[in-house]
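Each remark here refers to the structure printed beneath this line.
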Amino acid sequence: MLKIHFSGEDILRTRVAPAADPVWELVLSLHVLRGRSRDPLTANWRRSVARDLRQDSSSEQLRMLFALNPPRGYFPDFLTPYASVGGFEAGLDAVRSTPTELLHRDLSVLAAENQLPSSAAALARGEVSALHHLADSMEQYRSLAISPYWSRIQAAVAADRARRARALLDGGVEGLLTSLRPAMRWESGVLEVRSYPHSRELHLDGRGLLLVPSFFCAATPVALLDPALPPVLVYPVDRLGALVSADAGAAPGAARESLAALLGRTRAAVLQASDEGCTTGEVARQLNISPAAASQHATVLRNAGLLVSHRERNSVLHTLTPLGRAMLDA
């Protein structure tokens, strides 16, 4: 079990990452790709990415990246720098600039339980060429395994952020931390991660905690090993259905039917009401329609990929997908 200890100052400084973190998603997807999970929501993604890797003549360049990310157990902290909260390029710049002592320490921990390729020695020495090669391989893998699916990943994370925002508005930071159940339990200033693989205590010491909602995080939340690094806790979100690439989608006929069903003032108003997150009951009250009608319109919008819905206790919260927001903005 992981126990994270908060002071009053830590509670004030706790926040949720502003969007899906592209570096964390990249790294954690490597674990999903090579792990034993049979999750049907990522099964098609795993088959597609594995096939593309076999067909990609340059995939051998990814050997080091895969070696640094075994399917289970420890992976180096330096692969997921705090700077990635600012985006993929900021994260890669931080990887390229990793101090040699951090590289040596992390790779020594990894090598204690895993066999690393000989080229890892150059990386452990902090050779610039090795760091740039690693960053290049991350870009290569991202273009193949992450970018085609990014809109769905963003949608799932955005939906979770809307839930956390509602919990924060209703109950403050303690309400936010309480909303992380059942995977975590908040009680008396301590956040407990029950299924954490090791017994560990983390004292935030006034630094606060960055909560990072993640599509590719498995059932167990993830924290950095080094307690001196800025505290981060990555936790899984509801995946909102199977992961498909942006150009796979539904069959043309089904897409036309969904778009045709969208025509009309009421559904446009439902889309507008969902801009900042809205429950079915709130939509019904805003538009002066019945809850059943509001639910039906939301279902059509959801099937068309314009919003996502998540049940929280006795209510269903609707939020826009990136496509829905683009349509609304247009």
Side-chain angles (χ1 to χ4, degrees), residues 1-5 21-37 61-85 90-138 141-142 191-205 207 209-212 214 216-236:
M1 178 185 294
L2 169 64
K3 293 184 177 182
I4 304 176
H5 297 265
D21 187 306
V23 177
W24 270 107
E25 296 295 354
L26 184 157
V27 168
L28 293 176
S29 77
L30 285 161
H31 300 220
V32 173
L33 179 65
R34 305 174 67 206
R36 296 177 180 176
S37 170
Q61 297 177 11
L62 301 177
R63 184 183 177 203
M64 175 61 74
L65 181 61
F66 281 106
L68 296 179
N69 290 277
R72 293 170 299 282
Y74 172 78
F75 60 94
D77 286 347
F78 77 83
L79 286 177
T80 52
Y82 192 85
S84 65
V85 71
L92 281 196
D93 285 344
V95 170
R96 295 187 189 100
S97 304
T98 305
T100 301
E101 59 270 20
L102 184 57
L103 290 167
H104 184 269
R105 185 202 64 189
D106 285 5
L107 291 175
S108 295
V109 174
L110 183 64
E113 296 184 359
N114 300 271
Q115 184 174 359
L116 299 180
S118 58
S119 55
L123 188 62
R125 291 192 298 269
E127 294 186 10
V128 173
S129 59
L131 281 164
H132 280 261
H133 181 274
L134 176 61
D136 290 346
S137 69
M138 293 174 73
Y141 175 81
R142 182 198 185 206
L191 184 65
E192 297 180 348
V193 182
R194 300 178 178 182
S195 57
Y196 203 74
H198 308 291
S199 180
R200 183 181 167 198
E201 307 262 343
L202 174 60
H203 293 267
L204 299 179
D205 297 327
R207 296 171 295 172
L209 180 67
L210 177 65
L211 293 164
V212 180
S214 168
F216 280 108
C217 184
T220 304
V222 179
L224 299 174
L225 181 64
D226 185 355
L229 292 173
V232 172
L233 184 67
V234 185
Y235 66 91

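For this chain, numbers begin at 1 and follow the sequence in order.
Within the 4.5 Å cutoff, the side chain of Leu210 has no heavy atoms near those of the Pro230 side chain. Between Asp21 and Thr80 there is no side-chain heavy-atom pair separated by less than 4.5 Å. The shortest distance between side-chain heavy atoms of Leu204 and Ile4 falls below 4.5 Å. Between Pro236 and Ser214 the shortest side-chain heavy-atom distance does not fall below 4.5 Å. At a threshold of 4.5 Å between non-hydrogen side-chain atoms, the residues Pro117 and Met64 count as touching. Side-chain atoms of Tyr82 and Val232, non-hydrogen and from C-beta on, do get closer than 4.5 Å to each other.
Looking at Arg207, its side chain does come within 3.5 Å of a backbone N or O of Leu229 through a donor-acceptor pair. Using modelled atom types, no side-chain atom of Arg105 and backbone atom of Leu102 make a donor-acceptor pair closer than 3.5 Å. Side-chain atoms of Asp106 come within 3.5 Å of backbone atoms of Asp77 as a donor-acceptor pair (strictly under, hydrogens ignored). Under the 3.5 Å distance criterion, the side-chain polar atoms of Arg34 are matched with a main-chain donor or acceptor of Phe66.
In plain terms, the two heavy atoms of Gly91 and Val23 that are nearest each other are CA-CG2, 4.1 Å. The shortest heavy-atom contact between Gly126 and Thr100 is CA-OG1, 3.9 Å. Ser137 and Leu134 get closest at one heavy-atom pair: OG-O, 2.6 Å. Residues Leu116 and Ala111 share a closest heavy-atom pair of CD1-CB, 3.9 Å. Across Pro70 and Asn114, no two heavy atoms sit closer than the pair CB-OD1, 3.6 Å. Listed here is the closest heavy atom pair of Val32 and Phe216: CG2-O, 3.4 Å.
Atom CG of Asp136 is separated from atom CZ of Arg96 by 6.5 Å, given to the nearest 0.5 angstrom. Residue Arg125 holds its CZ atom at 10.5 Å from NE2 of His104, rounded to the nearest 0.5 Å. Atom NE2 of His5 and atom CG of Asp205 lie 10.5 Å apart (nearest 0.5 Å). Note that the CG atom of Leu26 and the CG atom of Leu65 stand 6.5 Å from one another [nearest 0.5 Å]. Interatomic distance, CG of Leu110 versus CD of Gln115, reported as 11.5 Å (0.5 Å rounding). Atom-to-atom distance recorded for Ser195:OG and Glu192:CD is 12.0 Å, nearest 0.5 angstrom.
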May I have the step-by-step check of side-chain contact (heavy atoms from CB on, under 4.5 Å) for Leu131 and Leu123, ending in yes or no? CA-CA 6 Å; Leu131 281 164; Leu123 188 62; 3.8 Å; yes

Check the pair Val212, Val85 against side-chain contact (heavy atoms from CB on, under 4.5 Å), reporting the backbone distance first and the verdict last. CA-CA 9 Å; Val212 180; Val85 71; over 6 Å; no

Please assess Leu107 against Leu68 for the test side-chain contact (heavy atoms from CB on, under 4.5 Å), listing each intermediate value before the final yes or no. CA-CA 8 Å; Leu107 291 175; Leu68 296 179; 3.4 Å; yes

Go through it in stages, so that I can follow the logic: the residues are Arg200 and Val193, the test is side-chain contact (heavy atoms from CB on, under 4.5 Å), and I'd like the CA-CA distance, side-chain angles, deciding distance and then a yes or no. CA-CA 10 Å; Arg200 183 181 167 198; Val193 182; over 6 Å; no

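In this structure, His203 places its NE2 atom where more than 12 heavy-atom neighbours from other residues, nucleotides or ligands lie under 6.0 Å away.
The aromatic rings of Trp24 and Phe75 sit perpendicular, their planes meeting at an angle over 60°, well past the 30° parallel limit.
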